[in-house]
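We're numbering straight along the sequence, starting at 1.
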Amino acid sequence: MGRVAARNGKKTVGSLVLSLGVCVVAAGVIYLFVPHDDSGEPQVKRVDYKVELSTARRAAPYPVAAPTGLSHDWKPTSVRYQGTSNDAWHLGFLDPDGQYVAVEQASGASKGFINKVSQGASATGDTQRIGGETWERYKGEKYDALVLKQKGSTTVVTGTADFSQLTKMAEALEAKREKV
């Protein structure tokens, strides 16, 4: 009887090792053939902002800006229009290098608004001409920004991207209103 029990014990351990090996091989095969992202970065979804843009262009008291002609590598990630908060328009993107770029607009020219959307960036005193308009440069620890103050509204192109990418966004902006 002792001999049978010893033999059955060896079968049990051998079967366990064999089963474990089969599971490891199956998991390896599944890992190889199932698509996965090894970048460790969360995937940011592309948003469609056409409806919100149309709504903002009908509701805002100023021409609302949105880019035209940017490559598909520019990924829109966030959009909102808040009529109760200085008619604030926000459109966020990831540029082709994965840096954040946002178009922010509000009625009037508010230092508080510029400070908020540029994450505390300060005016440098430098300006640049974009689309026939003079934009002010702001530099900050988190975000840099290009600011256009016009009668009735302020437009800020801001984010973690460098000034060349902020300029590309500003150059692509088309501001208009839609009739109700």
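A continuous path of Ile, Leu, Val, Met, Phe, Trp and Tyr side chains, each step under 4.5 Å between heavy atoms, connects Val79 with Val101, placing both in one hydrophobic cluster. Connection of Ile130 to Leu148 is established within a shared hydrophobic cluster, with ILVMFWY side chains joined at heavy-atom distances below 4.5 Å, either directly or through further cluster members.
For the pair Tyr100 and Ser78, the minimum side-chain heavy-atom distance is below 4.5 Å. Residues Pro61 and Ser107 form a side-chain contact, since some pair of their non-hydrogen atoms from C-beta on lies under 4.5 Å apart. With contacts defined as side-chain heavy-atom distances shorter than 4.5 Å, the pair Asp144/Leu166 qualifies. Residues Leu173 and Val103 have side chains in contact (heavy-atom distance under 4.5 Å, counting atoms from C-beta outward). Using a 4.5 Å heavy-atom threshold, the side chains of Gln105 and Val64 count as touching. Looking at Val147 and Trp135, their side chains never come closer than 4.5 Å, going by heavy atoms from C-beta outward. Side chains of Arg46 and His72 form a contact here, defined as non-hydrogen atoms less than 4.5 Å apart. Contact check for Pro67 versus Phe93: side-chain heavy atoms found under the 4.5 Å cut-off.
Heavy atoms only, all atoms of each residue included: Gln165 and Trp74 are closest at O-CH2, 3.6 Å. When every heavy atom of Arg177 is checked against every heavy atom of Ala60, the shortest pair comes out as NH2-O, 2.7 Å.
For Asn115 (side chain) and Ser118 (main-chain N/O), no donor-acceptor pair under 3.5 Å exists by modelled atom type. Without hydrogens or angle criteria, Asn86 side chain to Ala88 main chain gives no donor-acceptor distance under 3.5 Å. In terms of modelled atom types and a separation under 3.5 Å, the side chain of Arg57 and the main chain of Pro63 share no donor-acceptor contact. Under the 3.5 Å distance criterion, the side-chain polar atoms of Lys75 are matched with a main-chain donor or acceptor of Val44. Side-chain atoms of Asp97 never come within 3.5 Å of backbone atoms of Gln99 as a donor-acceptor pair (strictly under, hydrogens ignored). No donor-acceptor pair under 3.5 Å is formed between the side chain of Thr160 and the backbone N or O of Tyr143.
In this structure, Arg137 forms a cation-pi arrangement with Phe163, its terminal cationic atom sitting closer than 6.0 Å to the ring centre and no more than 45° off the ring axis.
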Could you go through Gln150 and Tyr62, starting from their C-alpha distance and side-chain angles, then the distance that decides it, and tell me whether this counts as side-chain contact (heavy atoms from CB on, under 4.5 Å)? CA-CA 10 Å; Gln150 296 177 302; Tyr62 56 85; over 6 Å; no
Could you give me the CA-CA distance, side-chain angles and deciding distance for Glu52 and Arg80, then say whether salt bridge (Lys or Arg N to Asp or Glu O under 4.0 Å) is met? CA-CA 7 Å; Glu52 288 87 351; Arg80 72 180 163 277; over 6 Å; no
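Classified by interplanar angle (parallel below 30°, tilted 30° to 60°, perpendicular above 60°), the ring pair Trp89/Tyr81 is tilted.
Between Glu178 and Ser54, the side chains place a donor N or O and an acceptor N or O closer than 3.5 Å (distance only, hydrogens not considered).
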